[in-house]
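Values reported hereafter were calculated over all heavy atoms of this structure, with side chains retained and with hydrogens, waters and symmetry mates removed. Within every chain, numbering begins at 1; the chains are lettered A, B, ... in the order of the sequence lines, protein sequences first and strands thereafter.
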Number of protein chains: 2
Amino acid sequence: MTASVTIGEFSRLTHLSVKTLHHYHDIGLLTPASIDPSSGYRRYGTDQVGVAQLIRRLRDLQMPLAQVRSVVEAPDVVTRDRELRTHLDQMERELVRTQDVVASLRSMLTLPLTPLSVEYRFIPAFRAYCVVDQVDRADIGPWCGTAFGRLNDIAARHGITATAGATYSDEFFADDSGQVIAFLPVAPDQPAEDGVELLDLPAGFFAITVHTGPFTDFDRSYGSLGGHVAEYCEVAPGPIRELYLAGPGDVPDPADFRTEICWPIQRIPAPKG
Amino acid sequence: MTASVTIGEFSRLTHLSVKTLHHYHDIGLLTPASIDPSSGYRRYGTDQVGVAQLIRRLRDLQMPLAQVRSVVEAPDVVTRDRELRTHLDQMERELVRTQDVVASLRSMLTLPLTPLSVEYRFIPAFRAYCVVDQVDRADIGPWCGTAFGRLNDIAARHGITATAGATYSDEFFADDSGQVIAFLPVAPDQPAEDGVELLDLPAGFFAITVHTGPFTDFDRSYGSLGGHVAEYCEVAPGPIRELYLAGPGDVPDPADFRTEICWPIQRIPAPKG
DNA sequence: GTTTGACCCTCCCATAGCCGGAGGGTGCAG
DNA sequence: CTGCACCCTCCGGCTATGGGAGGGTCAAAC
């Protein structure tokens with residue numbers, strides 16, 4: 001038999017506001033131990049303090065209530081711990097990403113903005129080993145890891161020295177999820193391989209700039225290039241391409257990564273007077 | 001003279017959705033370069049891509065639009081960079097805190113819950129050097145740093161060996177901001193000192209438990225103690241006290257920190273049973 | 001010249017996770 | 001009996017969007 005307290009006392013015990021407790025009751029996340037049928041007054045059991053505390057900690061971590069619910073409503077301790085561990089892993093990944101972005105913004109402050117140099121090029125059609133997938137923006141890092149792992153493996157076995165790259169559909173940027181193709185260019189008579197597709201990538205004109213530095217500042221180069229293209233070119237439909245001139249496999253320091261960003265355009269613009 | 005693009009093109013260039021651009025226009029964060037008076041069509045200048053990109057990056061970091069605004073509307077580059085740096089510092093502190101909480105939750109999974117031992121004690125009134133402030137929960141770490149720095153300094157000069165502590169008002173927990181008093185007990189005839197107040201802390205009964213481990217798991221002990229108090233005691237008004245038996249100045253490893261948490265109660269409860 | 005289809009506009013509604021307030025009932029103490 | 005602290009429900013507001021209705025606009029194709 002545990003004691004029971006009013007909502008106000010419970011609020012003081014758990015440092016959850018009365019409003020919040022009402023809300024949790026409404027959505028059925030934390031139901032009071034009993035409710036006085038005549039007055040409607042809520043009473044909470046002192047044994048509920050622990051759950052409430054857990055909820056508060058998870059909320060402090062910005063965990064959505066839906067996820068909190070799945071943790072606290074887990075049928076047994078093992079399930080609960082597994083749920084919790086999953087969410088914590090997820091949050092830690094998110095934290096790392098955020099740290100990266102903060103660092104990259106900070107470096108943007110210290111480093112002067114290098115003037116953008118854009119090159120126009122016609123890239124003929126070519127054949128390539130491809131890994132094609134529908135990818136969420138959040139999962140792009142790991143996805144690239146496996147995709148290029150596979151392609152590098154094949155490249156090593158066949159002695160292919162071509163520069164690998166990837167194409168990113170518009171939807172990938174617009175809806176945070178879209179088709180991504182990791183590709184490794186090969187000769188037209190290359191035999192098929194397990195686990196990858198052999199595709200022909202279309203020819204086209206591109207406005208190209210080289211991004212130097214880690215992948216986390218990509219959007220800066222994207223922005224500059226996009227601005228440039230909008231100003232001087234006619235944009236063509238089709239995915240944006242990246243060519244990994246120097247990537248994680250080639251140089252150790254992300255600051256030395258070099259990537260060509262290729263923005264599809266209709267034609268090479270006439271030089272302005 | 002820069003080119004101008006429709007909202008759809010601008011959306012593709014900046015990877016901000018049309019809806020979002022509408023919204024930023026509504027709130028005056030990113031106003032289109034021009035608006036066709038007859039059709040109402042928005043046109044964005046290509047020179048606006050940079051700002052839009054910055055906004056997007058800051059939003060990716062969950063920065064509230066109000067803060068984003070203060071960054072992008074800064075009158076000059078120096079002000080803007082200062083703003084940005086401040087916000088980034090803030091975010092990094094937040095990140096560290098979140099990491100701590102994640103770590104502490106994770107350790108909660110691996111470590112078994114030690115049974116709570118609660119002691120009841122009457123603490124007489126005493127005089128202390130105090131640093132009194134209205135503190136936000138988010139700033140408590142740095143605040144304690146300076147407050148106890150000052151107190152430790154005085155303790156060293158006067159050869160005081162008493163255990164320092166702090167009191168936290170209810171509002172500090174409830175509203176995330178409230179009065180906090182860092183105190184260092186002294187003899188009743190102690191002379192005044194610059195930078196600290198000489199106050200008498202009131203007597204009272206307390207339910208006390210010792211928390212072992214870093215400050216980040218405090219709420220676990222708070223929860224257990226709160227539950228215990230609610231079950232067996234009558235809660236008294238007044239701030240909660242902490243006594244830092246072994247803190248950052250005493251032992252190197254946060255896992256060895258020992259802190260008494262003192263919850264005010266009306267009287268020592270009669271043993272049950 | 002018109003028709004298609006892609007684009008654009010403005011409104012309103014919905015989401016999460018609460019906070020604040022209005023308007024009213026409850027419970028205990030003086 | 002009055003005061004006061006507490007509790008209730010409901011309603012609206014906040015941030016930062018997304019979704020959709022209902023309707024105008026623009027280019028090219030027929």
query: Is it true that the side chains of B:T86 and B:E83 contain a donor and an acceptor less than 3.5 Å apart?
result: no

field: Side chain to side chain, B:V72 and B:L30, heavy atoms closer than 4.5 Å
entry: no

- line: The nucleotide from D:dC26, D:dT17, C:dG17 with an atom nearest the side chain of B:D36 is D:dC26

- request: Figure out the NE2/P separation between B:H23 and D:dT15, and round it to whole Å.
  value: 8 Å

- line: Scoring nucleotides 7-12 of chain D by protein non-hydrogen atoms under 4.0 Å (B base, S sugar-phosphate only, - none) yields SSBB--

message: Output the rounded distance in Å from CZ (B:F10) to P (C:dC8).
response: 13 Å

message: Are there runs of at least three consecutive Watson-Crick or G-U pairs touching DNA chain C, with each pair's two distances under 3.5 angstrom? Give them by first number.
response: C:1-30 with D:1-30

task: Salt-bridge test for A:D60 and A:R56: reply yes if a basic N is under 4.0 Å from a carboxylate O, no otherwise.
output: yes

message: Looking at A:R12 and A:E9, is there a salt bridge between them, counting it only when a charged N and a carboxylate O are closer than 4.0 Å?
response: no

field: d(CG, B:L29; C1', D:dT15) in whole Å
entry: 13 Å

query: Please give, in whole Å, the distance from C:dT26 C1' to A:I35 CD1?
result: 16 Å

query: Is the closest side-chain heavy-atom distance between A:L21 and A:Y44 below 4.5 Å?
result: yes

field: B:T167 side-chain N/O to B:P239 backbone N/O, donor-acceptor pair under 3.5 Å
entry: no

- line: So, with a heavy-atom separation below 4.0 Å from DNA chain D, the residues of residues 50-72 of chain B are B:R59, B:P64, B:L65

task: Using atom types as modelled and distance alone, determine if a side-chain donor or acceptor of B:T98 lies under 3.5 Å from a backbone N or O of A:L61.
output: no

message: Determine whether a donor-acceptor pair (N or O, by modelled atom type, separation under 3.5 Å) exists between the side chain of B:R42 and the backbone of B:H25.
response: no

- prompt: Looking only at atom types and distance, does a side-chain atom of A:Q48 sit under 3.5 Å from a main-chain N or O of A:T31, one as donor and one as acceptor?
  reply: yes

message: On the nucleotide C:dC19, are OP1 or OP2 found under 4.0 Å from the side-chain N or O atoms that A:T20 carries?
response: yes

Donor-acceptor pair, side chain of B:S169 and main chain of B:Q179, under 3.5 angstrom: yes

task: Check whether any side-chain nitrogen or oxygen of B:S17 sits under 4.0 Å from OP1 or OP2 of D:dT17, and answer yes or no.
output: no

Rounded distance in Å - CG (B:L21) to P (C:dT10): 13 Å

- prompt: Where the side chain of B:R59 meets the backbone of B:M63, is there a donor-acceptor pair that is under 3.5 Å apart?
  reply: yes

message: How many whole angstroms separate atom CG of A:D26 from atom C1' of C:dG17?
response: 12 Å

